[in-house]
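Numbered from 1 within each chain, the chains take letters A, B, ... in sequence-line order.
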Protein chains: 2
Amino acid sequence: MADLVYRQVMRDLKHRIHQNEFPNKRLPDERSLSEAYGVSRSSVKRALSILANQGLIFKKRGSGTFINPLYMKNQTIFQYEGSNLGITDSMKSGGKTPGIRLLSFNVVPANKEIQQDLFLDEGDFVYEIKRLRLFDDKPFMIETGYIPIKIAPNLSQATVSDSIFNYLESQDKVVTKSFMSIQAQPSTAEDQELLHLKPVEPVGIMEGIFFLDDGTPFEVSNMRLHYQYLNYNTFVSLDEE
Amino acid sequence: MADLVYRQVMRDLKHRIHQNEFPNKRLPDERSLSEAYGVSRSSVKRALSILANQGLIFKKRGSGTFINPLYMKNQTIFQYEGSNLGITDSMKSGGKTPGIRLLSFNVVPANKEIQQDLFLDEGDFVYEIKRLRLFDDKPFMIETGYIPIKIAPNLSQATVSDSIFNYLESQDKVVTKSFMSIQAQPSTAEDQELLHLKPVEPVGIMEGIFFLDDGTPFEVSNMRLHYQYLNYNTFVSLDEE
DNA sequence: TAAACAAATTGATACGGTCCAATTGTCTAA
DNA sequence: TTAGACAATTGGACCGTATCAATTTGTTTA
């Protein structure tokens, strides 16, 4: 994984950018980089185009390749790079202690919507996992997830009380894609109780469908977040590449 | 623009997918496509990789390329493709009538945060444009935008009462990238008045920094949305390409 | 019949070449 | 002095090839 040429170039450039090796905010041209690294120009292009998609650099034909000044100026807002899909891991990386309290754990027939989202048939069953997520012992999110039993037939109460994504990895299944939808709503009585919210305080809603590597939809998840913990950052590019 | 080979292939494949030309959810292999379209395999790969990033298809080495079942089953949630950055255009595409009411229009010195976001120096001035956005005559969003005067020296009250992005296009400046941050908050008294909200109803906050094609940060915008209108959808992939 | 192996299929990586398009700087002519 | 022509630089598009790796399929073997 770490030996791919374009990834090496990508990583090295990222590193050099962080080291402020290009104070004039301008990278060497592609042909020079190709020669300097001893790789083909195609590989350099590939590395650069990934960095551009991540918002680190901007390419301008006829002029050169430049570092996004914002990326250097305010690194905190740019935490997007290498973003994590799983909640547990995202938290850990912040150096805080994540916690999980299992609220309920059932097997139920999939309703119409879930059938559609998870590509199931009439009569298929799913786990319904309702969990309260904690952050340094403070509850911040109510999560209701649905997972087809035929994809993970061995889910136990113990497994589900920990990170499901970590469990999956141990089964050689990797979640690398997801479709997310973000909304806001007034809090319900249950929200207020579980998340310690005042009546005027809202919840953020994140609904996600998570996919395995091969495109199989694996889980639909409905997350109700304490509003102060919802902060979704993303770099949007309309280049369609 | 429309004559690029990989875009033609991409568009044609997208079209054929919509026409349900691949009922077995499987696309022809890359080599066949290359031959059928009379283009190189590289171009086919490029087209396919864009479609994969958009979540339309999944590629599986050694097996083939498959259509994301969700993409066909529920097209409404997948409106992401070809997403629009500008508010006005996004609305129009929905077949509804967008409206703008100018609340205030001033030139003010950029504060520290704006200086940082827009890469300005101490003492630089920016337009401060506060507008109420309407949707079929119903207010749904309060937008406060800041634009450096040195980038758009000729902004007039009339210009600003219409779509700024459309104005930019007429000046041959294109906005293709943005950095967005999404949050939720209880509504303030002003929110409640302008957006017709009850006290318990929240607002969605979208903050965005918009970039011109060459990477120049062009505008910071703070958008307070009626919570029922905040619905941000996105396809997330951890492949880093 | 089932397991092991071999071959064909299919996408991934990487190279290097050709030509094009946008930008910038320079030189020239009015 | 300035406007326009020209050349050099730099990224973009596209092609074709070679090789590798994962998966599936077919065949052989125990």
Side-chain angles (χ1 to χ4, degrees), chain A residues 1-13 22 24-53 56-68 172-174 176 212-216 237 239-241, chain B residues 1-13 22 24-53 56-67 172-174 176-177 212-216 237 239-241:
Chain A
M1 175 74 84
D3 53 320
L4 298 188
V5 170
Y6 74 89
R7 280 183 189 268
Q8 281 181 22
V9 173
M10 187 187 91
R11 262 190 289 270
D12 187 66
L13 283 176
F22 311 103
N24 54 350
K25 302 294 175 204
R26 183 195 177 129
L27 264 56
D29 67 282
E30 295 182 349
R31 289 163 178 89
S32 310
L33 285 173
S34 162
E35 199 178 356
Y37 282 111
V39 304
S40 75
R41 191 177 157 211
S42 326
S43 299
V44 171
K45 283 188 93 66
R46 190 163 179 182
L48 288 178
S49 101
I50 295 175
L51 294 182
N53 272 338
L56 266 75
I57 60 175
F58 291 95
K59 296 186 280 184
K60 190 130 208 261
R61 156 149 59 166
S63 179
T65 302
F66 304 88
I67 299 173
N68 180 351
D172 269 335
K173 301 191 175 190
V174 198
T176 51
L212 295 182
D213 221 20
D214 62 356
T216 315
S237 166
D239 290 342
E240 308 188 24
E241 29 187 330
Chain B
M1 175 76 79
D3 53 320
L4 297 189
V5 170
Y6 74 88
R7 280 183 189 269
Q8 281 181 20
V9 173
M10 186 187 92
R11 261 189 290 269
D12 186 65
L13 283 176
F22 310 103
N24 53 349
K25 302 292 175 207
R26 185 198 174 124
L27 265 56
D29 68 281
E30 297 181 347
R31 290 163 178 89
S32 310
L33 285 173
S34 163
E35 199 178 357
Y37 282 111
V39 304
S40 76
R41 193 173 158 215
S42 326
S43 299
V44 171
K45 284 190 91 65
R46 190 163 180 182
L48 288 178
S49 102
I50 294 176
L51 293 181
N53 273 337
L56 266 76
I57 60 176
F58 292 95
K59 295 187 282 185
K60 192 126 206 271
R61 155 151 63 170
S63 179
T65 303
F66 304 88
I67 299 173
D172 270 333
K173 301 191 175 190
V174 199
T176 52
K177 298 180 199 307
L212 297 182
D213 221 19
D214 61 359
T216 315
S237 167
D239 290 340
E240 309 188 23
E241 26 189 330

Sub-4.5 Å side-chain heavy-atom contact between [X] and [Y]:
X     : Y      : result
B/Y6  : B/S42  : no
B/L27 : B/L48  : yes
A/K45 : A/S34  : no
A/F58 : B/L212 : no

Kindly say if [X] contacts the phosphate of [N], meaning a side-chain N or O under 4.0 Å from OP1 or OP2.
X     : N      : answer
A/S40 : C/dC15 : yes
B/K60 : D/dT23 : yes
A/K59 : D/dT10 : no
A/K45 : D/dG11 : no
B/T65 : C/dG11 : yes

Nearest whole Å is fine: how far is [N] [atom2] from [X] [atom1]?
X     : N      : atom1 : atom2 : answer
A/E30 : D/dG11 : CD    : P     : 5 Å
B/E35 : D/dC15 : CD    : C1'   : 15 Å
B/R61 : D/dT23 : CZ    : C1'   : 10 Å
A/F66 : D/dG11 : CZ    : C1'   : 11 Å
A/D29 : C/dT24 : CG    : C1'   : 14 Å
B/R7  : D/dC14 : CZ    : P     : 9 Å
A/R26 : C/dT23 : CZ    : P     : 14 Å
A/R41 : D/dT10 : CZ    : P     : 11 Å

Which listed nucleotide ([options]) is nearest to the side chain of [X]?
X     : options                : value
A/R46 : C/dG16, C/dT13, D/dA21 : C/dT13
B/V39 : D/dT24, D/dC15, C/dC15 : D/dC15
A/V5  : C/dA14, C/dG11, D/dC15 : C/dA14
A/Y6  : C/dT23, C/dT13, C/dA12 : C/dT13

Q) Does B/L48 or A/G38 map to a spot on DNA chain C nearer the 5' end, using the closest nucleotide for each? A)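 Its nearest nucleotide being more 5', the pick is B/L48.
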
Q) DNA chain C: B/S32 or A/G62, which has the more 5' nearest nucleotide? A)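 The residue closer to the strand's 5' end, by nearest nucleotide, is B/S32.
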
Q.
Which residue is it: A/D3, A/L4, A/V5, A/V9? I am looking for the one with a side chain to side chain contact (heavy atoms under 4.5 Å, CB included) to A/R7.
A. A/L4

Q) Using a cut-off of 4.0 Å on non-hydrogen atoms, how would the nucleic acid contact of B/S43 be classed: base, sugar-phosphate, or nothing? A) sugar-phosphate

